[in-house]
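Input: a single structure, listed below in structure tokens.
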Amino acid sequence: MDESKPKSLNFLEEIIQQNLATGQYSNGIFTRFPPEPNGYLHIGHAKSICLNFGLALKFGGKTNLRFDDTNPITEETEYVEAIKKDVSWLGFTWENELYASNYFEQLYQFAVDLIKKSLAYVDDSTAEQIAAQKGTPTSAGTESPFRNRSVDENLTLFKEMRDGIHADGAKVLRAKIDMAHANMHMRDPLMYRIRHMAHHRTGNAWCIYPMYDFAHGQSDSIEGITHSICTLEFDVHRPLYDWFIEKLTIFPTHQYEFARLNLSHTVMSKRKLLQLVNEKIVHGWDDPRMPTISGLRRRGYTAASIRNFCDRIGVAKRDNLIDLSLLEFCIREDLNKSADRVMAVLDPVQLVISNYPEDQVEELAIENNPEDPESGTRSVPFSKNLYIEREDFMLDPPKKFFRLGPDLMVRLKGAYIIKCESFDLNEDGTVKTIYATHFPNSKSGSDTSEIHVKGTIHWVSIPHAVEAEIRSFDRLLIVEDASELGDDFMKFINPESIQITEKAFVERSLRSASVNKAVQFIRKGYYCLDPDASSGKLVFNRTVTLKDTWAKEQNK
RNA sequence: UGACCUAUGGUGUAAAGGUAACACACCAGUUUUUGGUUCUGGUUUUCUAGGUUCGAAUCCUAGUAGGUCAACCA
């Protein structure tokens, strides 16, 4: 990095830099990534992860991974494990693995403290009554009839709640603030509710659970978090966040909000992603079409490309809709440098080299990656009978078609220049077999033919080809912006978001393909082996296509 | 008919009162044994109206537009 010309800072970096400059936080800053373990992480979480960990890394601080597990109804250990896997896969190391549930006893004592200060009370109202008491954004609420219970009575009742004497919903603990406050969150918000239910970590030790607002800020404070960074929708919670900290006189943490990531042509909310899974639109949370971390990983996205993406999208407070093309750019940029080039024919048509000896097989040394001189070459078998891509041959080609057609010449990648002499058609008029002659003196690396062709096409030798299933993915939604669709987004699912090619042919070297190593199918895109592949069957996922200016030209 | 947040090219993000720039996308050309890559160039921008100032994307006022908030969710 060029230290003399630092990149401009985002608003959070500026705040931190200023904090540090004024001598605050001499022990360094502390951030936290606080997921609720009720689902899988998605690319929006990646933004938050990169932000929280990135800030600490940049300013010499630390980051905790804290599970916000205050609602036993939705949370499971399975999600905890998946989240930990995703965060580490992204390349980050947390200082401490913590849980809001670690603090249940402390939180209970905090609540008792507020009751003693006459700042909290037990309310017997029903959920409906409490909702009615809240009023509306434009009209003040009304005070609960239980609002002025004595401290002693509140203490007794709250203890009874903890001891399991009361049924779910019978009572709640509320903060006593201001039922006429302009901010709805300050109208005597709930602190505790009764839930006779086992928690994934604390089991049956508790039957009362703190609400988000009475757990998050307190957890931040207990951990000494200096910068509690969350998304914009929590902005209205901040006065309450500050109120609890002030009344409890505990370590003053500060909350800052940034705009969440929105990506074009997909949905991001856990609820909608869950719907896609439940309604079997996708095959699971890690379906390669999902914007989840696990989905992107299976799709072939690298951690580096996702970190780079998060870096490029920036951090600000205005709503945004990032175009999918930026994510695609980031993975192409990464894979272009690192992925070995191989040949695969997805839609095969037979090509016979008429003047090539019947039983001859040449082992051609073809470079693995022109972008990486260290990558060396591999041996690729060439023979008389080849498969080429059906779309690389046209019976009646337009003028700028640099591929094969009657009497046209092309180079076979890493092999010879050929000229099409004739072809057979199937009954339905499609091409059955193409016959061509090769120029023996045009062999790659020792070409003395003086023939110059505009096009190079990929191929595989039929007797050496390996069968593979190929799954090509495309955007999940046919609309850019799903934000206004609401639940109607299901009507805009791209029917071609997955296309399976059952029987493609790939070159021999791919027999040893591995799940973690991306390859480029020359002229087609970047691919990776799917975990569904077994020893007997290759299955590849298309991570992203190559840029295709020819397709663009054709669509004009 | 409230409170709060936000408003810069097609999409994002910078510019801390002093030449509006960077990336993606798009277009044209270059390079290329991938219609990939590379390289070069181009199109396109401060929500509106007032005000402060020598000077405003930036500060002030008013408007407009978008977003958030009325779960015993987080």
Side-chain angles (χ1 to χ4, degrees), chain A residues 7-10 14 34-36 38 68-71 73-75 123 126-127 130-132 134-141 168-174 181-187 190-195 209 211-213 215-216 230-239 257 259 264 270-271 312-330 332-333 336-337 341 343 366-367 370-371 400-403 410-415 417 442 444-445 447 452-458 480 483 520-525 545-554:
Chain A
K7 246 181 75 178
S8 56
L9 302 179
N10 65 45
E14 278 185 13
E36 182 188 12
N38 69 345
D68 233 336
D69 56 349
T70 57
N71 183 2
I73 291 179
T74 55
E75 296 151 8
D123 194 335
T126 64
I130 289 175
K134 290 252 175 180
T136 71
T138 53
S139 63
D168 286 10
K171 287 179 167 45
V172 292
L173 184 71
R174 287 227 254 174
H181 200 107
N183 184 332
M184 299 291 286
H185 294 276
M186 298 297 273
R187 323 243 265 224
L190 268 59
M191 294 165 61
Y192 270 92
R193 77 288 220 186
I194 302 171
R195 284 249 215 281
Y209 293 93
M211 301 289 291
Y212 167 85
D213 284 309
H216 200 98
C230 60
T231 47
L232 243 30
E233 59 269 31
F234 292 99
D235 181 286
V236 283
H237 291 249
R238 179 148 39 88
E257 309 85 18
S264 73
K270 268 183 198 169
R271 207 192 95 246
R312 283 170 182 268
I313 58 177
V315 180
K317 294 189 79 160
R318 63 190 94 103
D319 291 330
N320 59 78
L321 179 64
I322 309 286
D323 201 296
L324 198 54
S325 64
L326 182 61
L327 222 208
E328 294 183 339
F329 168 82
C330 290
R332 286 195 189 106
E333 182 187 45
N336 177 49
K337 296 293 180 199
R341 274 60 168 168
M343 294 196 283
I366 301 184
E367 65 180 348
E371 296 291 316
K400 290 211 316 204
F401 186 74
F402 305 143
R403 307 178 188 181
V410 284
R411 173 172 293 281
L412 295 174
K413 173 69 185 176
I417 294 174
S442 67
S444 280
D447 186 352
H452 294 285
V453 291
K454 291 278 267 199
T456 299
I457 62 173
H458 60 277
E480 247 187 31
S483 67
Q520 181 193 106
F521 288 176
I522 289 179
R523 302 208 301 137
K524 299 305 288 184
T545 61
L546 257 26
K547 266 174 69 179
D548 191 348
T549 49
W550 169 243
K552 215 175 273 173
E553 183 77 23
Q554 283 178 305

**Item:** Base of B:A74 paired with side chain of A:His237 (donor-acceptor, under 3.5 Å)
**Value:** yes

**Message:** Tell me the interatomic distance from A:Arg318, atom CZ, to B:U46, atom P, rounded to whole angstroms.
**Reply:** 15 Å

**Message:** Counting C-beta onward and ignoring hydrogens, is there a side-chain heavy-atom pair between A:His458 and A:Lys524 closer than 4.5 Å?
**Reply:** yes

**Message:** Strictly below 4.0 Å, N to O, side chains only: are A:Lys270 and A:Glu36 in salt-bridge contact?
**Reply:** no

**Fill in**
Ranking B:C5, B:U37, B:U33 by distance to the side chain of A:Lys547, first place goes to B:U37

**Message:** Without decimals, in angstroms, what is the distance between A:Asn10 CG and B:U13 C1'?
**Reply:** 10 Å

**Message:** Using a 4.0 Å heavy-atom cut-off, does A:Arg332 contact any base of the nucleic acid, only the sugar-phosphate backbone, or nothing at all?
**Reply:** nothing

**Item:** Side chain to side chain, A:Arg193 and A:Asn71, heavy atoms closer than 4.5 Å
**Value:** yes

**Message:** Regarding A:Gln520, tell me which of base, sugar-phosphate or nothing describes its non-hydrogen contacts under 4.0 Å with the strands shown.
**Reply:** base

**Prompt:** Taking atom P of B:U11 as reference, at what distance in whole Å does atom CG of A:Leu324 sit?
**Reply:** 16 Å

**Message:** Taking atom NZ as the centre, does A:Lys454 end up with more than 12 heavy-atom neighbours from other residues, nucleotides or ligands that are less than 6.0 angstrom away?
**Reply:** no

**Prompt:** Rounding to the closest angstrom, what is the interatomic distance between B:G18 and B:A28 at atom P?
**Reply:** 39 Å

**Request:** Indicate, with a heavy-atom threshold strictly under 4.0 Å, whether A:Leu326 touches base, sugar-phosphate, or nothing.
**Result:** sugar-phosphate

**Item:** Side chain to side chain, A:Asp123 and A:Leu190, heavy atoms closer than 4.5 Å
**Value:** no

**Message:** Could you identify the nucleotide paired to B:C22, looking across every strand shown and requiring Watson-Crick or G-U wobble geometry with both distances under 3.5 Å?
**Reply:** B:G12

**Message:** Just to be sure I understand the rule, does A:Lys524 reach a base, reach only the sugar-phosphate, or reach nothing, if contact means heavy atoms closer than 4.0 Å?
**Reply:** nothing

**Asked** Between B:G35, B:U68, B:C5, which nucleotide gets closest to the side-chain atoms of A:Phe402?
**Response** B:G35

**Prompt:** Taking a pair as Watson-Crick or G-U wobble with both distances under 3.5 Å, which nucleotide is matched to B:A71?
**Reply:** none

**Message:** Closest-nucleotide mapping onto RNA chain B: is A:Ile73 or A:Ala316 further toward the 5' terminus? I mean the 5' end.
**Reply:** A:Ala316

**Request:** For B:G9 versus B:U61, give the span between their C1' atoms, rounded off to a whole number of Å.
**Result:** 28 Å

**Plane angle bin for A:Tyr212 and A:His237 - parallel if under 30°, tilted between 30 and 60°, otherwise perpendicular** = perpendicular

**Message:** Side chain of A:Met184 only, heavy atoms from C-beta on: which candidate in B:G12, B:U34, B:C69 is closest?
**Reply:** B:C69

**Item:** Identified pairing partner of B:A65, criterion: Watson-Crick or G-U wobble below 3.5 Å
**Value:** B:U6

**Asked** So, is A:Lys454 close to the B:U33 phosphate, meaning a side-chain N or O under 4.0 Å from OP1 or OP2?
**Response** no

**Asked** A:Gly445 near the nucleic acid: base, sugar-phosphate alone, or nothing, with a heavy-atom cut-off under 4.0 Å?
**Response** base

**Item:** Integer angstrom distance from the P of B:C47 to that of B:A14
**Value:** 15 Å

**Message:** Distance check needed: B:U32 P versus A:Trp550 CH2, whole Å only.
**Reply:** 21 Å

**Complete:** Contacts of A:Asp447 and A:Glu14 projected onto RNA chain B by closest heavy atom; the upstream (5') one is A:Glu14

**Item:** Sugar-phosphate only, base, or nothing, as touched by A:Asn183 at under 4.0 Å among non-hydrogen atoms
**Value:** nothing

**Asked** When we call it a touch if two heavy atoms are under 4.0 Å apart, what does A:Val453 touch: a base, just sugar-phosphate, or nothing?
**Response** nothing

**Prompt:** What integer distance in Å separates A:Asn336:CG from B:G35:P?
**Reply:** 14 Å

**Message:** Please determine whether a side-chain nitrogen or oxygen atom of A:Ser8 lies at a distance below 4.0 Å from atom OP1 or OP2 of B:C22.
**Reply:** no

**Message:** Of the listed nucleotides (B:U11, B:C72, B:A70), which one gets closest to any side-chain atom of A:Leu190?
**Reply:** B:C72

**Item:** Pairwise C1' distance for B:A23 and B:C5, with rounding to whole Å
**Value:** 26 Å

**Asked** Are A:Val172 and A:Met211 close enough that some pair of their side-chain heavy atoms sits under 4.5 Å apart?
**Response** no

**Item:** Nearest-Å distance for atom pair NZ/P, residues A:Lys552 and B:G35
**Value:** 15 Å

**Request:** Determine the contact category for A:Arg341: base if any of its heavy atoms lies under 4.0 Å from a base atom, sugar-phosphate if only primed atoms, P, OP1 or OP2 are that close, otherwise nothing.
**Result:** base

**Prompt:** Is A:Arg523 close to A:Trp550 at the side-chain level, that is, under 4.5 Å between some pair of heavy atoms?
**Reply:** no

**Request:** Would you classify A:Gly414 as touching base, sugar-phosphate or nothing, given that sugar-phosphate means primed atoms plus P, OP1 and OP2, and contacts are heavy atoms under 4.0 Å?
**Result:** base

**Item:** Spacing of CG belonging to A:Leu327 relative to CZ belonging to A:Arg332, to within rounding of 0.5 Å
**Value:** 10.5 Å

**Fill in**
Across every strand shown, the nucleotide meeting Watson-Crick or G-U wobble geometry with B:U30 (both distances under 3.5 Å) is none

**Asked** Which nucleotide in the list B:C24, B:G36, B:G67 gets nearest to the side chain of A:Thr549?
**Response** B:G36

**Prompt:** Is the ring centre of A:Tyr212 under 5.5 Å from the base ring centre of B:A74, and are the two planes under 30° apart, so that they stack?
**Reply:** no

**Request:** Could you measure between the two P atoms, the one in B:A57 and the one in B:G51, and give it in whole Å?
**Result:** 15 Å

**Message:** For a quick check of understanding: with a heavy-atom distance under 4.0 Å over all strands, which category does A:Phe521 fall into, base, sugar-phosphate or nothing?
**Reply:** nothing

**Asked** Which nucleotide in the set B:G66, B:G12, B:G2 lies at the smallest distance from any side-chain heavy atom of A:Asp319?
**Response** B:G66

**Prompt:** What distance, rounded to whole Å, do you find between the two P atoms, one in B:C24 and one in B:G41?
**Reply:** 14 Å

**Request:** Take atom C1' in B:U6 and the same atom in B:C26, then report the distance between them in whole Å.
**Result:** 28 Å

**Prompt:** Could you state the CG-P distance from A:Asn320 to B:A7, rounded to the nearest angstrom?
**Reply:** 12 Å

**Message:** Taking atom types as they are modelled, would you say the side chain of A:Glu371 forms a donor-acceptor pair with the base of B:U38 within the 3.5 Å cutoff?
**Reply:** no

**Item:** Distance test, side-chain N/O of A:Arg523 to OP1/OP2 of B:G35, below 4.0 Å
**Value:** yes

**A:Cys330 to A:Arg312 - nearest heavy-atom pair and separation** = SG-CD, 3.7 Å

**Message:** Just to be sure I understand the rule, does A:Pro370 reach a base, reach only the sugar-phosphate, or reach nothing, if contact means heavy atoms closer than 4.0 Å?
**Reply:** base

**Asked** Are OP1 or OP2 of B:A74 and a side-chain N or O of A:Thr70 less than 4.0 angstrom apart?
**Response** yes

**Complete:** Re B:U46: Watson-Crick or G-U wobble partner, both distances kept under 3.5 Å, found to be none

**Request:** Check every strand shown and say whether A:Tyr192 touches a base, only sugar-phosphate, or nothing at a heavy-atom separation below 4.0 Å.
**Result:** nothing

**Asked** In whole angstroms, how far is the C1' atom of B:A74 from the CG atom of A:Asp69?
**Response** 12 Å

**Item:** Side chain of A:Val236 - closest among B:A74, B:C69, B:A23
**Value:** B:C69

**Prompt:** Quantified in whole Å, what is the P atom distance between nucleotide B:U37 and nucleotide B:C27?
**Reply:** 13 Å

